[in-house]
There are 2 protein chains.
Amino acid sequence: MRPLTHPALGDVTVEGILHALADPVRVAIYARIAAAECALMCSEFLKLDARDIPKSTLSQHFKVLREAGLIRSERRGVELRNTTRCEEIESRFPGLLKSVLNAHRVQLAERAAAAGAA
Amino acid sequence: MRPLTHPALGDVTVEGILHALADPVRVAIYARIAAAECALMCSEFLKLDARDIPKSTLSQHFKVLREAGLIRSERRGVELRNTTRCEEIESRFPGLLKSVLNAHRVQLAERAAAAGAA
DNA sequence: GCCAATAGTTCGTAAGTTCGGAACTAAGGA
DNA sequence: TCCTTAGTTCCGAACTTACGAACTATTGGC
């Protein structure tokens with residue numbers, strides 16, 4: 001197992017961020033980590049919106065988020081403690097994460113409303 | 001040749017937008033269309049930042065932008081006139097496109113500065 | 001009207017990416 | 001030491017992407 005790698009802020013790219021957040025599972029994960037008060041472990045997400053995510057897939061999703069520079073993961077014993085790097089990214093790309101998360105929230109609300117109406 | 005299809009605003013997704021803009025060629029195209037005063041044709045982009053983009057690849061990129069709901073393409077004779085749908089998208093996902101384009105601009109500026117310093 | 005030119009699209013294939021199951025590693029108990 | 005828990009790696013199948021060649025549609029010249 002190779003050690004966890006996190007890009008320096010200067011190596012974070014807009015493309016990497018957008019690619020990472022262009023996946024429904026990954027935005028959902030990221031949104032929840034961003035909203036949480038404390039660090040969350042990967043296994044928190046094995047069930048996501050009533051859907052089962054296989055462990056290997058989840059591990060890849062975390063890797064993508066980490067390598068995009070969106071989250072920081074620290075090993076704590078057996079677990080990983082995941083937190084966002086949003087302040088850092090905010091300093092370089094102001095407003096970006098806020099508006100992506102907001103758009104994601106808008107879309108969730110619309111879908112919930114549509115499902116409720118049906 | 002099937003007719004050009006544009007999704008209704010309600011069918012535009014955040015994932016689709018982010019996926020479309022997660023490609024350097026496509027953001028560059030989108031940024032230029034968004035900044036232009038008038039509609040631009042596809043062939044404007046056969047040379048992009050001193051790089052040649054093959055016609056078939058370009059056509060696919062435009063298709064992705066169109067189907068993500070980011071641009072509107074109208075046939076005018078042999079050509080396509082491409083314009084952005086940014087006001088529409090702004091009404092649904094406020095701030096999203098602005099901050100993505102801004103982040104893209106920041107990154108370009110940084111790269112230009114780094115290239116200048118080297 | 002016919003031919004050539006121009007602007008984009010489609011098709012097919014090669015290269016790359018993503019998903020997920022099975023087998024793995026690493027740390028912490030019992 | 002062995003078991004359990006948390007996550008990673010490997011690898012094949014399914015999917016996506018890039019781009020050349022062949023195509024379609026529209027216009028202008030004759």
Side-chain angles (χ1 to χ4, degrees), chain A residues 1-6 13 15-30 32-33 36 38-49 51-68 70-83, chain B residues 1-6 13 15-30 32-33 36 38-49 51-68 70-83:
Chain A
M1 271 175 187
R2 42 193 86 119
L4 299 170
T5 56
H6 296 89
T13 65
E15 295 99 58
I17 292 176
L18 297 187
H19 171 250
L21 297 179
D23 179 281
V25 171
R26 287 192 296 257
V27 228
I29 293 173
Y30 182 72
R32 234 164 87 188
I33 296 178
C38 56
L40 297 178
M41 317 164 203
C42 303
S43 56
E44 284 275 330
F45 299 92
L46 283 166
K47 255 210 174 341
L48 192 66
D49 307 330
R51 201 165 114 49
D52 286 321
I53 313 289
K55 243 158 60 121
S56 58
T57 303
L58 200 56
S59 180
Q60 287 309 309
H61 283 318
F62 272 94
K63 189 178 179 217
V64 171
L65 289 169
R66 194 157 53 232
E67 296 186 347
L70 286 164
I71 62 171
R72 190 180 296 285
S73 310
E74 287 176 276
R75 261 189 235 290
R76 277 289 165 118
V78 235
E79 309 173 336
L80 286 195
R81 302 172 52 75
N82 298 288
T83 48
Chain B
M1 271 175 188
R2 43 193 87 118
L4 299 169
T5 55
H6 296 89
T13 65
E15 294 99 57
I17 292 176
L18 298 186
H19 172 249
L21 297 179
D23 180 281
V25 172
R26 286 193 297 256
V27 229
I29 293 173
Y30 182 72
R32 234 164 86 187
I33 296 178
C38 56
L40 296 178
M41 315 163 201
C42 303
S43 56
E44 285 275 330
F45 299 91
L46 283 167
K47 255 210 174 339
L48 192 66
D49 307 330
R51 202 164 113 50
D52 286 319
I53 314 290
K55 243 157 60 123
S56 57
T57 304
L58 200 56
S59 180
Q60 287 309 307
H61 283 318
F62 272 93
K63 189 178 179 218
V64 171
L65 289 169
R66 195 155 54 231
E67 297 187 346
L70 285 165
I71 63 171
R72 190 181 296 286
S73 309
E74 288 177 275
R75 261 188 234 290
R76 277 289 166 116
V78 235
E79 309 174 335
L80 285 195
R81 301 170 55 75
N82 299 287
T83 48

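- Look at NZ on B:K63: it is 17 Å from P on D:dC19, rounded to the nearest Å.
- The B:C42 side chain lies nearest to C:dG8 when the options are D:dG7, C:dG8, D:dT17.
- The heavy-atom pair separating B:R66 from B:T5 by the smallest distance is CG-O, 3.6 Å.
- Residue A:H19 has a polar side-chain atom (N or O) positioned under 4.0 Å from OP1 or OP2 of C:dT18.
- Between A:R75 and A:L80 there is a side-chain heavy-atom pair separated by less than 4.5 Å.
- The side-chain heavy atoms of B:I33 and B:F45, taken from C-beta on, include a pair separated by under 4.5 Å.
- B:L40 has its CG atom 15 Å from the C1' atom of C:dA7, to the nearest Å.
- Using a 4.0 Å heavy-atom criterion, one finds that B:R51 contacts no nucleic acid atom at all.
- Distances were taken from every side-chain heavy atom of B:P54 (C-beta onward) to each of C:dT10, C:dC19, D:dG20; the shortest belongs to D:dG20.
- In the set D:dT8, C:dT9, C:dA7, the nucleotide with an atom closest to the side chain of A:R66 is D:dT8.
- For B:R81, there are no salt bridge (charged side-chain N to carboxylate O under 4.0 Å, His left out) partners, not counting sequence neighbours.
- Using a 4.0 Å cut-off on heavy atoms, none of the residues of residues 21-29 of chain B approach DNA chain C.
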What donor-acceptor contacts under 3.5 angstrom involve side-chain atoms of residues 51-59 of chain A, with partners at least two apart or in another chain?
| residue | atom | partner | partner atom | Å |
| --- | --- | --- | --- | --- |
| A:D52 | OD1 | A:K47 | NZ | 2.6 |
| A:D52 | OD2 | A:K47 | NZ | 3.4 |

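- Regarding A:D52, its CG atom lies at a distance of 10 Å from the P atom of C:dG21, rounded to whole Å.
- As a whole-Å value, the separation of B:E44 CD from C:dT6 C1' is 15 Å.
- Across B:E15 and A:P24, no two heavy atoms sit closer than the pair CG-CD, 3.9 Å.
- As a whole-Å value, the separation of A:Q60 CD from D:dT9 C1' is 8 Å.
- Between B:R2 atom CZ and C:dT9 atom C1' the separation is 9 Å, expressed in whole Å.
- A sub-4.0 Å separation between OP1 or OP2 of C:dT9 and a side-chain N or O of B:S56 is absent.
- To the nearest angstrom, P of D:dA21 lies 13 Å from NZ of B:K55.
- Contacts between residues 70-82 of chain B and DNA chain C, defined by a heavy-atom separation below 4.0 Å, involve B:V78, B:E79, B:L80, listed by number.
- Residues passing the salt bridge (charged side-chain N to carboxylate O under 4.0 Å, His left out) test with A:E74, sequence neighbours excluded: none.
- Within the nucleic acid shown, B:S43 comes within 4.0 Å of sugar-phosphate atoms alone, with no base atom in reach, counting heavy atoms only.
- For the pair B:N82 (side chain) and B:L40 (backbone), a donor-acceptor distance under 3.5 Å is present.
- The side-chain heavy atoms of A:I29 and A:F62, taken from C-beta on, include a pair separated by under 4.5 Å.
- The nearest whole Å value for the distance from the CE atom in B:M41 to the P atom in C:dT6 is 14 Å.
- By the side-chain hydrogen bond (donor to acceptor under 3.5 Å, both in side chains) test, B:H61 pairs with B:R26, sequence neighbours left out.
- Nucleic acid contact class of B:S59 (heavy atoms, under 4.0 Å, all strands): base.
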